[in-house]
Amino acid sequence: MTSANSPGVYVSLDDLIALEYRGRKVSFLPRQPVHSLLSGRFASRMRGRGLNFEEIRDYRAGDDVRSIDWKVTARLQKPHIRVFNEERDRQTILVVDQRLSMFFGSRLAMKSVTAAQAAAIGAWRVLGVGDRIGAIIFGDRDLVEVNPRRSRANVLQIFSAIVAQNQALGVGRGLVSAPAMLNTALEHALRRALHDTVVVIISDFDGADDATRKKIGAMALHNDVVALLVHDPLQSDLPPSASMTVTDGELQIRLDVGRGSVRKNISQATEERLKGVFAWTHELGIPVLPLSAAEDTAMQLRRLLGAMPARHGRGGSHRTEATLG
């Protein structure tokens with residue numbers, strides 16, 4: 001029987017705290033490298049930080065003429081411009097899946113562990129650029145909401161909720177698979193993400209249906225939504241002769257995946273689910289990024305989202321980073 005300390009099977013609070021340094025290496029710049037899945041039209045969709053109005057003042061040499069307030073200029077008979085400050089109070093909400101469907105892994109880690117690691121790296125990155133971070137962590141029985149705040153204590157509260165849900169997973173623990181909890185969590189996220197919020201959904205999207213698509217589509221109208229689709233290669237690339245155990249939390253069934261009919265049914269179900277979620281890329285215009293439980297999570301995020309650019313010289317200029325755009 002696996003223990004809560006089994007590497008790759010469960011995560012601990014210390015594990016997630018230790019990812020702080022690796023979170024600094026992930027960049028969420030508005031323009032991604034050419035090879036990034038966020039390059040092109042997706043990057044242009046990300047809203048980035050907004051601008052807050054600060055004041056109207058006299059026009060000065062070198063000011064951008066596009067900032068001239070023509071109504072004030074006409075009234076005072078002297079050029080005036082509108083001055084804005086970059087908005088610094090943006091929030092990110094992590095939607096983290098810790099259901100039984102995520103308690104599967106064939107090589108490096110369980111999908112539930114990969115999701116927890118991705119959430120931790122994202123939380124550290126968001127806090128590092130000075131934005132508020134909140135989360136909705138859901139399992140098969142319930143969900144936990146952590147209000148967005150800009151503090152290390154809030155990040156640790158998110159991690160504690162993830163760890164509690166993660167370590168509750170396992171066979172014979174009274175859990176019953178609940179695919180509908182995905183839509184329940186998204187409904188909570190939809191109520192919280194009213195405008196210009198970054199919503200990062202980290203899930204295998206088990207149970208995704210037309211209602212899931214509609215909720216995410218509605219969320220994406222006024223917010224930046226990114227889907228991290230957590231998967232395990234064994235679920236879509238079954239070995240020619242092997243058996244595997246599947247469970248609903250209480251009952252276990254051993255399947256002979258070497259049989260053609262069994263292999264075909266499992267592969268078709270997995271392929272249809274993945275294809276449906278990846279279709280949101282074009283249907284809803286949101287990035288759907290594949291995250292494998294068989295590879296290092298931080299390295300994948302750096303590859304998918306882009307790595308932090310190196311600074312050029314002690315006084316060299318470098319680009320200002322926004323949370324997800």
Side-chain angles (χ1 to χ4, degrees), residues 26-50 90-97 102 111 114-115 118-119 121-123 125-126 129 131 133-138 148 179 181-231 271-292 297 300-306 321-325:
V26 176
S27 172
F28 296 106
L29 292 170
R31 291 183 182 178
Q32 303 296 329
V34 175
H35 62 273
S36 170
L37 293 182
L38 286 187
S39 63
R41 69 189 187 94
F42 298 123
S44 65
R45 281 182 57 84
M46 307 309 278
R47 294 170 179 79
R49 300 183 191 276
R90 194 171 192 200
Q91 68 175 10
T92 294
I93 296 176
L94 304 172
V95 182
V96 188
D97 191 346
M102 299 286 286
K111 293 190 294 183
T114 298
I121 291 169
R125 187 66 235 155
V126 171
V129 297
D131 282 341
I133 180 69
I136 297 169
I137 305 102
F138 66 102
M181 281 299 291
L182 172 63
N183 285 344
T184 299
L186 292 177
E187 186 63 39
H188 281 253
L190 188 57
R191 288 199 294 265
R192 283 193 171 275
L194 300 179
H195 202 279
D196 287 341
T197 295
V198 177
V199 182
V200 183
I201 308 165
I202 312 171
S203 174
D204 64 356
F205 292 94
D206 178 60
D209 54 18
D210 189 54
T212 310
R213 182 183 178 281
K214 289 179 179 177
K215 293 178 192 300
I216 292 179
M219 214 181 309
L221 288 176
H222 304 291
N223 304 279
D224 294 327
V225 179
V226 176
L228 292 179
L229 175 53
V230 186
H231 67 95
E271 184 178 346
E272 288 175 5
R273 175 169 55 86
L274 296 180
K275 186 182 296 183
V277 175
F278 279 121
W280 297 343
T281 295
H282 301 291
E283 295 171 358
L284 305 178
I286 70 167
V288 179
L289 311 180
L291 192 62
S292 174
T297 304
Q300 289 184 83
L301 291 177
R302 291 182 68 185
R303 184 171 69 244
L304 293 169
L305 299 174
E321 182 174 347
T323 303
L324 262 176

Closest non-hydrogen atom pair between [X] and [Y], with its separation:
X: Met219; Y: Ala193; result: CG-CB, 4.3 Å
X: Ile93; Y: Ala135; result: CG2-CA, 4.4 Å
X: Leu291; Y: Ala118; result: CD2-CB, 3.7 Å
X: Pro179; Y: Gly207; result: CB-CA, 3.7 Å
X: Val230; Y: Ala115; result: CG2-CB, 4.4 Å
X: Ser203; Y: Met102; result: C-SD, 4.2 Å

Side chain proximity check, [X] to [Y], heavy atoms < 4.5 angstrom:
X: Trp280; Y: Ile216; result: yes
X: Leu182; Y: Asp206; result: no
X: Leu301; Y: Leu289; result: no
X: Leu228; Y: Gln300; result: no
X: Phe205; Y: Asp97; result: no
X: Arg192; Y: Thr197; result: no

Does Gln91 use its side chain to pair, donor to acceptor, with the backbone of Gly134 at less than 3.5 Å?
no

Okay, side chain of Asn223, backbone of Asp196: is any donor-acceptor separation there less than 3.5 Å?
yes

Please name the residue in the list Val288, Ile202, Ile201 that meets the side-chain contact (heavy atoms from CB on, under 4.5 Å) test with Leu229.
Val288

Measuring from Leu186:CG to Ile136:CD1, what's the distance to the nearest 0.5 Å?
8.0 Å

Pairwise distance CD1(Ile121) to CZ(Arg302) - rounded to 0.5 angstrom
10.5 Å

